[in-house]
Amino acid sequence: MKDTCVPSGVRLNDTGFGYTLSIVGGKYKMIIMYWLSENKVMRFNELKRCIGSITFKTLSMMLKEMVADGIVIREEFPQVPPKVEYSLSERGLSLMPLLNMMCEWGEKNMASKNRVQP
């Protein structure tokens, strides 16, 4: 039998696949990663404006989770008013090829979703 990323009898959370999903899963994490990869460094309100549909609370929660997971770096500058910048860590940058492949797959297959398969 072929080894799989999610073998039978093993909880999804205990697999590499499950771990990866826990890091990038959710409605906004991949979008946040996209904007940070495009702009390198962004402030909270810049991210909010780029994403648009995300609430302040959700963005704050997603960023806290991503910082805790080591995907995003939060840099706070001691000044008045406070200045905080976000960027992708090396670990976050290492996920970008995966996200790019997912994007390419979606673009290739999106047009064919309405075609009837024989």
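The side-chain heavy atoms of Thr20 and Thr15, taken from C-beta on, include no pair separated by under 4.5 Å.
In plain terms, the two heavy atoms of Arg43 and Val84 that are nearest each other are CG-O, 3.5 Å. Closest approach of Gly70 to Arg91, counting heavy atoms only: O-CB, 3.4 Å. Across all their heavy atoms, Tyr28 and Met62 have their closest contact at CB-CG, 4.4 Å. When all heavy atoms of Lys29 and Ile23 are compared, the closest pair comes out as CD-O, 3.2 Å. Residues Leu88 and Met33 share a closest heavy-atom pair of CD1-O, 3.8 Å. For the pair Glu85 and Lys83, the tightest heavy-atom approach, listed with the atom from each and the gap, is OE2-CE, 3.2 Å.
Atom CG of Asp69 sits about 6.5 Å away from atom OG of Ser22, to the nearest 0.5 Å. Expressed to the nearest 0.5 Å, how far OG of Ser87 lies from CD1 of Ile71 amounts to 12.0 Å. Between the CE atom in Met96 and the SG atom in Cys103 there is a gap of 9.5 Å [rounded to 0.5 Å]. Distance check, rounded to the nearest 0.5 Å: CE of Met110 to CH2 of Trp105 gives 10.5 Å. With rounding to the nearest 0.5 angstrom, the CG atom of Leu59 is 9.5 Å from the CE atom of Met66.
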Do Glu76 and Arg74 pass the salt bridge (charged side-chain N to carboxylate O under 4.0 Å, His left out) test, and can you show the C-alpha distance, the side-chain angles, and the key distance before you say yes or no?
-> CA-CA 7 Å; Glu76 190 171 337; Arg74 180 184 189 273; 2.8 Å; yes
Does the pair Trp35 and Ile31 meet the rule for a side-chain contact (heavy atoms from CB on, under 4.5 Å), with working shown?
-> CA-CA 6 Å; Trp35 283 111; Ile31 297 168; 3.8 Å; yes
Begin from the C-alpha positions of Leu63 and Tyr86 and carry the test side-chain contact (heavy atoms from CB on, under 4.5 Å) through to its verdict.
-> CA-CA 9 Å; Leu63 287 169; Tyr86 297 92; 3.8 Å; yes
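For Glu90, the CD atom is loosely surrounded, since the number of other residues' heavy atoms within 6.0 Å does not exceed 12. Other residues, nucleotides and ligands place no more than 12 heavy atoms under 6.0 Å from the NZ atom of Lys64. The number of heavy-atom neighbours closer than 6.0 Å to CE of Met102, taken from other residues, nucleotides and ligands shown, is 12 or below.
Cluster annotation: Val24 and Ile73 are assigned to distinct hydrophobic clusters (Ile/Leu/Val/Met/Phe/Trp/Tyr, side-chain heavy-atom contacts under 4.5 Å, transitive). Residues Met42 and Tyr34 share a hydrophobic cluster, clusters being chains of Ile/Leu/Val/Met/Phe/Trp/Tyr side chains in contact below 4.5 Å. Under the 4.5 Å side-chain contact rule for hydrophobic residues, Leu36 and Phe77 do not share a cluster. Taking hydrophobic clusters as Ile, Leu, Val, Met, Phe, Trp and Tyr residues chained together by side-chain heavy-atom distances below 4.5 Å, Val41 does not share a cluster with Leu47.
Side chain of Lys57 to main chain of Met61: no donor-acceptor pair is present (N/O by atom type, distance under 3.5 Å, no hydrogens or angles). A donor-acceptor pair under 3.5 Å links the side-chain atoms of Lys48 to the main chain of Ile54, judged by distance alone.
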